*Asks:* 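First, the structure itself, so that you have it in front of you.
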Amino acid sequence: MIDIKRNILITGGAGFIGSHLVRLLVNKYPDYRIVNMDVLTYAGNLANLKDIEDKTNYEFVKCDICDFEKVQKVFLDYQIDGVIHLAAESHVDRSIKDPFSFAQTNVMGTLSLLQAAKFAWDGNFDDKLFYHVSTDEVYGSLGEDGFFTEETAYDPHSPYSASKASSDHFVRSFQDTFGLPTVISNCSNNYGSYQFPEKLIPLFINNICNNKPLPVYGKGENVRDWLYVEDHARAIDLIFHKGKVGETYNIGGFNEWKNIDLIKVMIKTVDRLLGREEGASEKLITYVTDRAGHDLRYAIDSTKLKDELGWEPSLQFEEGIEKTVKWYLENSEWLENVTSGAYQKYYEDMYK
Ligand code: NAD
Ligand code: TYD
């Protein structure tokens, strides 16, 4: 029997970032019970957690965060005292095709969790925390210069970022109106293992391997700030334990890349690891119609997190991308499983 010190609910724990966070917390805190609530959409995959699924301090609950009654029951059954909320629809291109599901999950789902926490904790907020995981995309788009800080005004452009911005506002409203203890972090683009191959990095690694065209939006000049997913998980752990209630923390690695430059690094890395002539796969680059409302540049200033909590990214990008490419090459079975069936249809519709 373990002496349980905390009961933490992680939503979206079967997804990309969530699975890394669940693994980190389950292994690091044997005296916490980690309850993973996930409805298992196309992006949620329990195979991401195979290595920890039998641990005694881990529980999986299949549940839609919008199902308020079921969510309330989970709070009571497991005596939840902390929430780390990651469940979301997370892909900008899908949000352009189907904005309703983004409003439903990201806004209504967050509201359902906030209400459940408020009812379950019933004004007794000692040692309770509702941690909402958000994105830098709520801040909109930067020009050539400058960074997003925690003070930057919200200016979302895609249905995805609008839904995340709305959920952030709901979280703050529960803090201000009901005194619910909350914290929010806004992170830049993540990369690493177990990312669903509709996002740029795993999609392109997969296509390079299979000699498929690489659909570069516009001129490939948009800039993203890339962070290794395990560094994000470490930041969440730190903020959850040491962050100040009511605060916002930006998370990013000061690691900006123009898409086309990043794509060329991926091509070189995959070619080398597959024993092809380095750069040979550049012939696969195919410029396609730009994404509607495509934000030009994201760049996070994470000075507050460094100064107040001492967090820094652990990996240089070159090392991170090498590890990531190797992981996808060594886990072709995982890729095949997640890219079969419904995903094929999505891909054909998206890139026809
Ligand atoms: P993901 O799409 O890989 O995973 C989302 C998970 O949420 C999946 O397991 C899915 O099954 C689950 N989910 C979706 N709808 C649900 C619902 N209604 N009920 C229960 N579970 C549901 O996403 P990700 O990339 O891991 O992102 C996780 C969080 O981090 C999101 O909130 C996202 O906005 C945020 N974020 C992501 C990035 C990034 O680069 N990926 C960057 C910053 C912030
Ligand atoms: P993505 O991984 O979808 O993340 P986000 O849009 O949330 O930043 O895309 C990263 C960048 O890559 C973005 O500028 C869009 C671009 N992109 C392409 O050029 N082609 C693609 O097929 C995809 C999926 C993205």
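One-based numbering, in listed order, for ligands and for the atoms of each. Everything quoted here is computed from the prediction, not taken from an experiment.
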*Asks:* Looking at Y217, is R291 sitting on its ring face, NZ or CZ under 6.0 Å from the six-membered ring centre and within 45 degrees of the normal?
*Replies:*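 No, R291 does not lie over the aromatic ring of Y217.
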*Asks:* For atom 27 (O) of ligand 1, which candidate among V138, N186, I17 provides the closest heavy atom?
*Replies:*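 The option holding the nearest heavy atom is I17.
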*Asks:* Is it true that W226 and N190 share a donor-acceptor pair across their side chains at a distance under 3.5 Å?
*Replies:*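 There is no such pair between these side chains.
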*Asks:* Assess K304 against Y249: is NZ or CZ under 6.0 Å from the centre of the six-membered ring, and within 45 degrees of the ring's axis?
*Replies:*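 Yes, a cation-pi geometry.
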*Asks:* Counting heavy atoms only, which of G192, A14, S90 is nearest atom 1 (P) of ligand 1?
*Replies:*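 Going through G192, A14, S90 one by one, S90 has the nearest heavy atom to atom 1 (P) of ligand 1.
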*Asks:* Could you pull out, from R297, R291, E198, the option with a heavy atom nearest to atom 3 (O) of ligand 2?
*Replies:*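 Of the listed residues, R291 has the closest heavy atom.
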*Asks:* Are more than 12 heavy atoms from other residues, nucleotides or ligands located less than 6.0 Å from atom CG of D307?
*Replies:*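 Enclosed.
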*Asks:* Give yes or no for whether the N/O distance cutoff of 3.5 Å, strictly under, is met between H232 and ligand 1.
*Replies:*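 Not met; the criterion fails.
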*Asks:* Going by distance only, is there an N or O of D38 that falls short of 3.5 Å from an N or O of ligand 1?
*Replies:*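 The answer is yes, given that D38 and ligand 1 share an N or O pair closer than 3.5 Å.
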*Asks:* Please identify which atoms of ligand 1 are closer than 4.0 Å to at least one heavy atom of N189.
*Replies:*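 Per the distance check, 40 (O).
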*Asks:* Heavy-atom contact check, 4.0 Å cutoff: does F204 meet ligand 2?
*Replies:*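 So F204 counts as touching ligand 2.
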*Asks:* Give the atoms of ligand 2, by number and element, whose distance to some non-hydrogen atom of H91 is under 4.0 Å.
*Replies:*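 Counting from 1, the qualifying ligand atoms are 3 (O).
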